[in-house]
There are 2 protein chains.
Amino acid sequence: MNMNTNKHIDVALELLKESPLKVTNQRNDIIRILFKNGNCHFTAEDVHCEVQKLGLNISLATVYNCLNQFTKHKILKSVKTSCDKIYFDTNVTSHHHFFCKTTSQLIDIDSKNIKFSKLPKIPGGKKLQSVEVVVNITD
Amino acid sequence: MNMNTNKHIDVALELLKESPLKVTNQRNDIIRILFKNGNCHFTAEDVHCEVQKLGLNISLATVYNCLNQFTKHKILKSVKTSCDKIYFDTNVTSHHHFFCKTTSQLIDIDSKNIKFSKLPKIPGGKKLQSVEVVVNITD
DNA sequence: ATCGTAAATTAGAATTATTCTAATTTAATG
DNA sequence: CATTAAATTAGAATAATTCTAATTTACGAT
Ligand SMILES: [Mn+2]
Ligand SMILES: [Mn+2]
Ligand SMILES: [Zn+2]
Ligand SMILES: [Zn+2]
């Protein structure tokens with residue numbers, strides 16, 4: 001059972017408080033939904049469905065606003081896959097993903113389980129931002 | 001100057017003939033546009049703009065149909081990036097990409113310039129389909 | 001060459017995820 | 001409590017892509 005305190009939720013709420021974002025009921029509720037099960041991947045619709053299931057009245061626009069603001073302020077990060085929806089990731093540390101094309105499910109790959117022995121030279125005048133590995137799998 | 005023969009175009013036209021797809025004027029024209037400059041990355045809109053520029057009358061729906069059919073039959077492949085459009089790639093061999101977020105431009109990374117010294121175990125019951133690396137860069 | 005038919009093309013409508021608009025409400029500060 | 005910038009909201013708008021259904025075309029068989 002969920003105890004009344006949850007480390008992941010508390011850490012995220014603390015990040016929210018430390019950010020320049022205002023602490024609203026909607027943001028509190030959304031953070032509780034997102035972080036209640038530790039590292040997870042969600043679409044905006046997933047979050048909105050959960051909001052409804054809990055009987056909360058938060059508009060889809062607010063869900064999008066929150067997810068985007070949280071991403072901008074490093075409380076979440078976003079992941080693009082070969083499917084057409086944006087996934088939001090509660091794990092903001094540097095890591096990679098399996099993407100199962102059958103189930104449209106993202107699975108974390110810990111950074112220590114992917115190592116490069118060779119990386120290409122960055123094109124002249126550009127600077128490196130991130131290296132993203134997606135290992136596509138099927139059933 | 002472009003000679004009247006072009007290796008890349010000829011190879012792609014040959015793949016089209018060998019495929020179960022019918023050889024139509026539209027497919028011929030689109031292949032000539034796609035492959036005239038060797039390895040390239042295009043959105044459907046890019047292709048349709050070029051179609052218009054050449055005074056060809058091919059509908060956007062047909063451009064999408066062709067690109068999707070070509071992808072299904074391995075004449076093209078598609079690449080997803082952090083931007084919201086699908087890119088089609090004339091290089092169907094296994095390789096990776098730089099994606100410049102400033103210019104929304106894809107640049108090929110030859111397979112031999114990325115090597116892994118460690119890859120994660122595939123989750124039970126699933127099978128590996130592909131490993132895609134995107135190196136995000138900015139100006 | 002002509003025919004028959006499945007596949008391809010097309011214009012425009014529909015869909016889907018996401019963002020925008022502009023009116024209203026709220027959080028946080030003094 | 002008053003002020004005000006930020007957040008929320010419903011609904012409209014946008015943008016990429018797909019779908020629909022009518023028409024045309026490719027191409028193997030006659
Ligand atoms: Mn849902
Ligand atoms: Mn264009
Ligand atoms: Zn993740
Ligand atoms: Zn490429």
Side-chain angles (χ1 to χ4, degrees), chain A residues 13 15-33 41-52 54-73 75-89 99 104 106, chain B residues 13 15-33 41-52 54-73 75-89 99 104 106:
Chain A
L13 287 175
L15 287 175
L16 174 58
K17 277 191 210 114
E18 284 162 7
S19 81
L21 301 175
K22 291 189 174 171
V23 178
T24 63
N25 290 335
Q26 290 91 334
R27 286 174 176 166
N28 249 292
D29 290 339
I30 288 173
I31 282 188
R32 284 168 201 286
I33 288 170
H41 308 95
F42 295 94
T43 66
E45 268 304 302
D46 290 338
V47 175
H48 193 238
C49 285
E50 186 70 13
V51 160
Q52 316 249 57
L54 297 174
L56 300 169
N57 277 97
I58 304 178
S59 73
L60 182 57
T62 296
V63 170
Y64 272 102
N65 289 341
C66 287
L67 294 176
N68 287 330
Q69 291 288 74
F70 291 173
T71 301
K72 172 153 34 166
H73 294 284
I75 298 169
L76 291 179
K77 75 175 185 181
S78 73
V79 182
K80 285 276 173 72
T81 68
S82 58
C83 104
D84 52 356
K85 295 171 196 161
I86 298 171
Y87 284 82
F88 293 88
D89 191 340
F99 181 66
S104 287
L106 278 173
Chain B
L13 288 175
L15 287 175
L16 174 58
K17 278 192 207 112
E18 283 162 9
S19 82
L21 300 175
K22 292 189 175 173
V23 178
T24 63
N25 291 334
Q26 290 90 336
R27 285 175 178 167
N28 250 292
D29 290 339
I30 288 174
I31 282 188
R32 284 169 200 286
I33 287 170
H41 308 95
F42 296 94
T43 66
E45 267 306 302
D46 291 338
V47 175
H48 193 238
C49 286
E50 186 69 13
V51 159
Q52 316 248 57
L54 296 174
L56 300 168
N57 276 98
I58 304 177
S59 73
L60 181 59
T62 295
V63 170
Y64 272 103
N65 289 341
C66 286
L67 295 175
N68 287 331
Q69 291 288 76
F70 291 172
T71 301
K72 174 155 32 168
H73 291 93
I75 298 168
L76 291 178
K77 76 175 186 182
S78 74
V79 182
K80 285 275 174 69
T81 68
S82 58
C83 102
D84 53 356
K85 296 172 195 161
I86 298 172
Y87 285 84
F88 293 88
D89 191 339
F99 181 66
S104 286
L106 276 174

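Chain letters run A, B, ... following the sequence lines, proteins first and then strands; every chain starts at 1.
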Measure from the side-chain N and O atoms of [X] to the backbone N and O of [Y], and report whether any donor-acceptor pair falls under 3.5 Å.
X: B:His73; Y: B:Gln69; result: yes
X: B:His48; Y: B:Ile58; result: yes
X: A:Arg27; Y: A:Cys66; result: no

Please check the phosphate of [N] (OP1 and OP2 only) for any side-chain N or O of [X] closer than 4.0 Å.
X: A:Arg27; N: D:dT8; answer: yes
X: B:Tyr64; N: D:dT18; answer: no
X: B:Thr62; N: C:dT9; answer: no
X: A:Asn25; N: C:dT26; answer: no

Which nucleotide in the set [options] lies at the smallest distance from any side-chain heavy atom of [X]?
X: B:Ala61; options: D:dA26, C:dA11, D:dT8; answer: C:dA11
X: A:Thr24; options: C:dT9, D:dT17, D:dA7; answer: D:dA7
X: B:Lys22; options: C:dT19, C:dA7, D:dT17; answer: C:dA7
X: A:Asn68; options: C:dT18, C:dT19, C:dT10; answer: C:dT19

[atom1] of [X] versus [atom2] of [N]: gap in Å, rounded?
X: B:Glu45; N: D:dA15; atom1: CD; atom2: P; value: 11 Å
X: B:Asn57; N: D:dT24; atom1: CG; atom2: C1'; value: 15 Å
X: A:Asn65; N: C:dT25; atom1: CG; atom2: C1'; value: 14 Å
X: B:Ile58; N: C:dA11; atom1: CD1; atom2: C1'; value: 15 Å
X: A:Gln26; N: C:dA27; atom1: CD; atom2: C1'; value: 11 Å
X: A:Leu16; N: D:dA7; atom1: CG; atom2: P; value: 10 Å
X: A:His73; N: D:dA7; atom1: NE2; atom2: P; value: 8 Å

Given B:Asp46, B:Val47, B:Ile33, the one that forms side chain to side chain contact (heavy atoms under 4.5 Å, CB included) with B:Val63: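 By the side chain to side chain contact (heavy atoms under 4.5 Å, CB included) criterion, B:Val63 pairs with just one of B:Asp46, B:Val47, B:Ile33: B:Val47.
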First encountered from the 5' end of DNA chain C, between B:Leu21 and B:Leu60: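 Closer to the 5' end of DNA chain C: B:Leu21.
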Near-strand residues of residues 79-87 of chain B, defined as heavy-atom separation under 4.0 angstrom from DNA chain C: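 Under 4.0 Å from DNA chain C: no residue of residues 79-87 of chain B.
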